[in-house]
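Okay, structure first, notes after.
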Amino acid sequence: MKKSSDGRLRLVTWNINSVRLRLPQLKKLAAAHSPDVICLQETKAEERYFPGEAIADFGYPHQLVRGYKGYNGVAILSRLPLQPLEERHWCRKIDARHATANVLIGGSAIEVHNLYVPAGGDIPDPEENEKFAHKLNFLDEMIEWSRAQARKKTPTIVVGDLNVAPLPGDVWSHQQLIKVVSHTPEEVTRFENMMHARPWVDAVRHFVPESEKLYTWWSYRAQDWEASDRGRRLDHVLVSESLAPKLYSVQIMRETRSWPQPSDHVPVCVTLNL
DNA sequence: ATGGTTGCTTGGCAA
């Protein structure tokens with residue numbers, strides 16, 4: 001009997017910054033790497049305008065889409081069947097920052113959470129900047145949420161644009177970004193507490209030492225993003241402990257930042273041998 | 001030096 005592909009799961013997370021504008025890039029990514037599951041953030045499309053048929057046509061018929069007009073929006077696209085789960089209402093808002101489903105593979109299920117954490121504005125002070133306050137509250141809720149499912153047996157993967165670069169090696173200059181939203185001690189401490197709460201394993205740092213610089217985002221504002229290389233690692237793949245031994249490889253798809261009309265984030269790909 | 005670019009909701013936000 002022919003061996004099925006049940007043993008391998010390849011998952012990509014990508015802040016696509018408009019799914020309609022970058023549909024050709026999504027198709028190219030799917031063709032190049034053939035992931036089983038693609039988690040998107042910042043789709044920026046109402047659900048009725050989400051290009052679901054086109055995406056099904058290039059291989060992802062199972063879809064869970066959350067979206068609003070113009071901002072936020074997340075989606076889980078899959079070659080494998082999905083069993084939608086109820087997303088949490090973070091910070092008492094309904095804002096399309098969370099999509100969650102069981103991915104059914106080889107007779108078992110893996111719980112996938114796709115999250116888009118608020119960026120938090122420019123001023124790193126919750127008193128002066130309500131967007132930063134919202135971000136800190138969101139991260140506090142992620143700690144509680146992780147704690148609530150501590151040592152749960154369900155194999156779980158959390159991915160998304162978490163908008164925090166937790167390690168000095170996750171930013172181009174730890175010193176110069178210490179007071180910049182995404183790398184402040186307030187955010188980093190919360191991120192660490194969230195990681196310890198379930199606990200989660202950082203799938204990318206599982207393979208790449210902390211001393212090595214790693215980025216998934218480069219600002220549109222740089223004259224030459226590649227030459228200046230002032231990036232940050234904002235996009236993450238976290239796995240529950242039982243999945244850590246099954247991690248096979250990770251890849252940050254830096255090359256997509258050079259594609260025509262790129263997103264400012266690049267996809268992160270993780271492969272597990274189940 | 002407090003700029004710069006992009007994408008959406010066409011004009012002012014959000015990132």
Side-chain angles (χ1 to χ4, degrees), chain A residues 13-29 39-52 54-55 65-75 90-91 93-98 114-126 128-139 159-166 170-173 175-184 186-188 191 215-236 253-254 256-268:
Chain A
T13 178
W14 190 21
N15 179 322
I16 195 170
N17 189 13
S18 173
V19 67
R20 286 175 290 179
L21 189 68
R22 262 174 275 285
L23 190 59
Q25 288 93 320
L26 181 61
K27 186 174 181 178
K28 189 174 170 182
L29 171 74
C39 293
L40 300 177
Q41 305 87 36
E42 280 207 89
T43 52
K44 293 186 173 176
E46 276 183 273
E47 285 163 27
R48 62 195 168 121
Y49 295 134
F50 190 87
I55 291 168
V65 176
R66 295 285 179 264
Y68 286 117
K69 187 154 74 172
Y71 62 98
N72 298 353
V74 289
W90 301 86
C91 304
K93 293 172 193 284
I94 299 174
D95 54 4
R97 293 183 179 277
H98 186 198
N114 179 16
L115 284 163
Y116 174 50
V117 172
D122 288 331
I123 304 162
D125 179 347
E128 273 187 66
N129 171 11
E130 65 178 28
K131 284 187 259 179
F132 192 65
H134 178 208
K135 182 178 197 176
L136 296 183
N137 289 336
F138 200 105
L139 293 170
V159 302
D161 178 2
L162 304 185
N163 265 316
V164 179
D170 295 336
V171 290
W172 63 274
S173 166
Q175 279 311 315
Q176 287 180 255
L177 289 174
I178 197 88
K179 290 178 180 171
V180 173
V181 172
S182 72
H183 194 60
T184 65
E186 291 94 333
E187 295 160 88
V188 168
F191 192 97
Y215 315 132
T216 64
W217 172 88
W218 292 261
S219 171
Y220 282 130
R221 295 175 194 177
Q223 284 187 356
D224 184 337
W225 73 273
E226 199 159 23
S228 58
D229 199 22
R230 294 184 168 188
R232 306 179 203 169
R233 188 171 72 109
L234 305 176
D235 302 274
H236 297 275
M253 298 176 184
R254 184 181 166 111
T256 67
R257 190 64 176 77
S258 299
W259 287 356
Q261 210 167 29
S263 170
D264 45 354
H265 294 253
V266 303
V268 179

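Residue numbers start from 1 in every chain, and the chains themselves are labelled A, B, ... in the order their sequence lines are given, proteins ahead of strands. Keep in mind that the numbers below use all heavy atoms, side chains included, and drop hydrogens, waters and symmetry copies. Remember, it's a predicted structure, so these values are computed and weren't measured experimentally.
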Work out how far the [atom1] atom of [N] is from that of [M], and round it to whole angstrom.
N       : M       : atom1 : result
dT9(B)  : dA14(B) : P     : 15 Å
dT5(B)  : dT10(B) : P     : 22 Å
dA1(B)  : dG7(B)  : P     : 31 Å
dC13(B) : dT2(B)  : P     : 22 Å

- B/S/- along nucleotides 7-15 of chain B (protein heavy atoms under 4.0 Å) is SSB----SB
- Would you find a donor on one side and an acceptor on the other, under 3.5 Å apart, between the side chain of Tyr68(A) and the backbone of Ile94(A)? yes
- Message: Could you check whether any side-chain N or O of Glu47(A) sits under 3.5 Å from a backbone N or O of Gly67(A), counting only pairs where one atom can act as donor and the other as acceptor?
- Response: yes
- What about the rings of His98(A) and Phe138(A), do their centers lie closer together than 6.0 Å? no
- Relative to Trp225(A), does Arg230(A) satisfy both conditions: NZ or CZ under 6.0 angstrom from the six-membered ring centre, and within 45 degrees of the ring's axis? no
- Could you tell me the separation between the CZ atom of Arg230(A) and the C1' atom of dG4(B), rounded to a whole number of Å? 12 Å
- Query: Rounded to whole angstroms, how far apart are CD on Gln176(A) and P on dT2(B)?
  - Reply: 16 Å
- Task: Apply the test side-chain hydrogen bond (donor to acceptor under 3.5 Å, both in side chains) to residues Trp218(A) and Asp264(A): give CA-CA distance (whole Å), side-chain angles for both, the deciding distance (0.1 Å), then the verdict.
- Result: CA-CA 6 Å; Trp218(A) 292 261; Asp264(A) 45 354; over 6 Å; no
